[in-house]
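In what follows, a single structure is set out as structure tokens and then discussed.
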Amino acid sequence: MKHLRAINKKARRIEDFVASTEGDFVALQQNNAAQRPHYPMGCSIVFSPGWEVDSTGGTAGLCQPVERDLYDCYISCYWPAQVPDHLNNYPDWTSKCATATKDWRNIDLVFP
Amino acid sequence: MQLQVAEFHQFEAGGNPFLYLVPSGGIFAMDALSQKAVALVQEHPQDPLALLEALVAGGAAREDAKECVEDLVSARALRPEGGWQDAVEEPPANFPLQTLVINLTNQCNLSCQYCYEFGEDKVATPEGKPKFMEIETAKQSVDFLFKQSQGRRAAHITFFGGETLMNFPMLKQIVDYSREQAREHGMYIDYSLTTNGTLLRPDIIEYLAENAIGVTVSMDGPKELNDKLRVFSNGKGSYDTIVPKVRELLAKHKSRPIAARVTLTNGVTDVIRIFRHLKDDIGFHEVGFAPVTTSPDRLYAIGPSGLDDVLAQFEQLAYEYRDAALRNELHGFSNVSDTLAELHQGISKSHPCGAGLGLLGVGPSGDISPCHRFVDSDEHKLGHVSEGLDPEMQKAFLGTGHINTKYDCQTCWARPVCAGGCYHEAFVRYGDTGHANLHYCDWIRGWTDLCLRIYGEIATHNPGFLNHFEQRKAA
């Protein structure tokens, strides 16, 4: 706090608390931009791989091989844990896989 | 959405503006901009953007103005209209006991007319109960203390009466037994006592000094003031008996600061003279004052004008305290240091004091009471040391004492430190321990404001002095 100066112990606790909440909730937002609702993208909010509907709301590709899981993580979600990252290091990882349900065997392991 | 002022008390100290926030108890110094923002919102609730524009129009940089409003909202000095309503937290269900006040006897060799234990407003019903505590009860009391204080590193025993020293042999036995128990429990224990000073002897003084037992002496000042009401049963004043003994105590007992505790009554309100006598002539380290607890119609009760006079004298002594603090000296007016300690912590009380929570009293019979002032009162009994605390009775007592149940307190800015005031005082005045002490409200607000200003001045000019209150327990 810049315009209020904490004097007693309780005020210092309030100040610490306020400081601890600063910077929260804005990790994915641009600096200095007006705050807008933040929509996280990817498998955390869509039904995937599609028991009910797929990520576009369709039903045609339901009950696909579990391998589609990997592919889904790769394109619609940048979650880096299970699949190679396609943004920087492995942009061509799925280049031989035009249709996941048919060509998933072409997706190979990577050895960083 | 409109911004409005939340609860706070604004005060000035050393020419600087401060906020005492309610109910948090936080004290903040304001800069010129935040002072202006608060003033604008105090005029009438403001739209946040309009407030921002007003501050910018007044010459503030936009970024500064924005930060300033954010600071005030974060600290909860300003709030959205109809905004949050903070509930005061309930104390934890198993609050460990810290202090046990053991009344070694309910007998006394003085007959002070205003005594709450024997006087006209007494709540004690000692008929048919033991007059002196026996060793069995004493041991049970100590066991009870260690059982109830589990989880704490230190426990405290205060010896009380009646006249405490009328049962000095039992005091020594309790010290021995509780030391032993403390070792077994791996805890630290310390002791204090309150006495009228008449029974102090060289061997007792030596014992108190050796065992670092804190001593508070009840006396009311110079001879003619002290002897007005503090008399033996034959009406003879106690001053001449006490003073040589107290001088010896002060000369020999150096392991703890020795305090005097003064009861102010009608005609005994010359606070400054009493303070000078006890502090400078007799040599007490600290002197604390409290107006007598009484029904308003007693002859020794202090009327409202008398209380105003007392507050004016308190103010003079408090400024002396401030001046001493700015020179890094301890003054000895303990009413100020007690309040400053609470303000420094930023205490926000759910209950007026620790009675029934971290502090309990035990009478000679072993009956447990919320504090020493309710000892031997059947109506306020919370259990017996042999069986422990009755959780239902404790809950009922604390339930009515909670600040949220005191309607009149909800709009008062001094409630974080007052919380309605002394249970015993309330019972004597209103017949209800959970009643707010409405006859003291102006006094409490006046006193708290005074102490806030002194705190602000010390914080501005000699903040290092406040380290005295870092460790000091808020009462």
Side-chain angles (χ1 to χ4, degrees), chain A residues 1-48 52-53 55-57 72-83 85-89, chain B residues 8 11 13 16-38 55 60-61 63-78 340-348 416-417 452 455-460 463 466-467 469-471 474:
Chain A
M1 289 189 193
K2 205 169 133 191
H3 299 272
L4 292 176
R5 188 163 53 87
I7 302 294
N8 66 350
K9 284 176 93 170
K10 181 62 73 63
R12 288 199 288 275
R13 280 174 61 193
I14 292 171
E15 197 176 48
D16 289 347
F17 174 76
V18 171
S20 75
T21 62
E22 269 167 19
D24 253 7
F25 321 120
V26 290
L28 297 176
Q29 301 184 13
Q30 289 170 302
N31 284 337
N32 302 322
Q35 292 193 12
R36 289 187 303 272
H38 165 66
Y39 299 107
M41 298 300 293
C43 57
S44 62
I45 58 160
V46 296
F47 293 107
S48 183
E52 290 86 12
V53 288
S55 62
T56 61
D72 215 28
C73 290
Y74 178 73
I75 294 297
S76 60
C77 181
Y78 76 104
W79 196 256
Q82 295 94 340
V83 298
D85 101 78
H86 68 109
L87 290 177
N88 298 311
N89 297 314
Chain B
F8 54 72
F11 63 98
N16 301 313
F18 292 86
L19 286 179
Y20 175 62
L21 298 173
V22 181
S24 72
I27 300 173
F28 285 95
M30 291 190 283
D31 67 358
L33 193 59
S34 52
Q35 195 185 9
K36 194 169 172 190
V38 167
L55 293 175
E63 192 58 27
D64 270 352
K66 183 167 165 278
E67 274 176 354
C68 173
V69 175
E70 281 171 0
D71 283 356
L72 287 166
V73 173
S74 304
R76 300 201 165 183
L78 301 181
L340 291 189
E342 295 195 333
L343 293 177
H344 183 67
Q345 296 293 334
I347 199 164
S348 181
V417 285
L452 278 168
Y455 184 82
E457 286 200 49
I458 297 174
T460 307
L466 299 176
N467 289 335
F469 303 115
E470 279 298 310
Q471 296 307 320

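Chain letters run A, B, ... following the sequence lines, proteins first and then strands; every chain starts at 1. For the numbers below, each heavy atom of this structure counts, side chains included, while hydrogens, waters and symmetry mates do not.
Heavy-atom distances place no part of A/R13 under 4.5 Å from chain B, backbone and side chain included. At a 4.5 Å heavy-atom cutoff, B/L466 makes no contact with chain A through either its backbone or its side chain. Both the backbone and the side chain of A/L4 come within contact range of chain B, judged by heavy atoms closer than 4.5 Å.
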Review item, side-chain donor-acceptor pairs of residues 17-33 of chain B, under 3.5 Å, at least two apart:
from, atom 1, to, atom 2, distance (Å)
B/S24, OG, B/G26, N, 3.2
B/D31, OD1, B/L33, N, 3.3
B/D31, OD1, B/S34, N, 2.9
B/D31, OD1, B/S34, OG, 2.8
B/D31, OD2, A/H3, ND1, 2.7

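The nearest pair of heavy atoms linking A/M1 to B/S74 is CE-CB, 4.1 Å.
Note that the CG atom of B/L452 and the CG atom of A/N8 stand 9.0 Å from one another [nearest 0.5 Å].
For B/K36, the side-chain contact (heavy atoms from CB on, under 4.5 Å) criterion is met by B/L55, not counting sequence neighbours.
If you tally non-hydrogen atom pairs under 4.5 Å between each of B/C68, B/A37, B/A459 and chain A, the highest count goes to B/C68.
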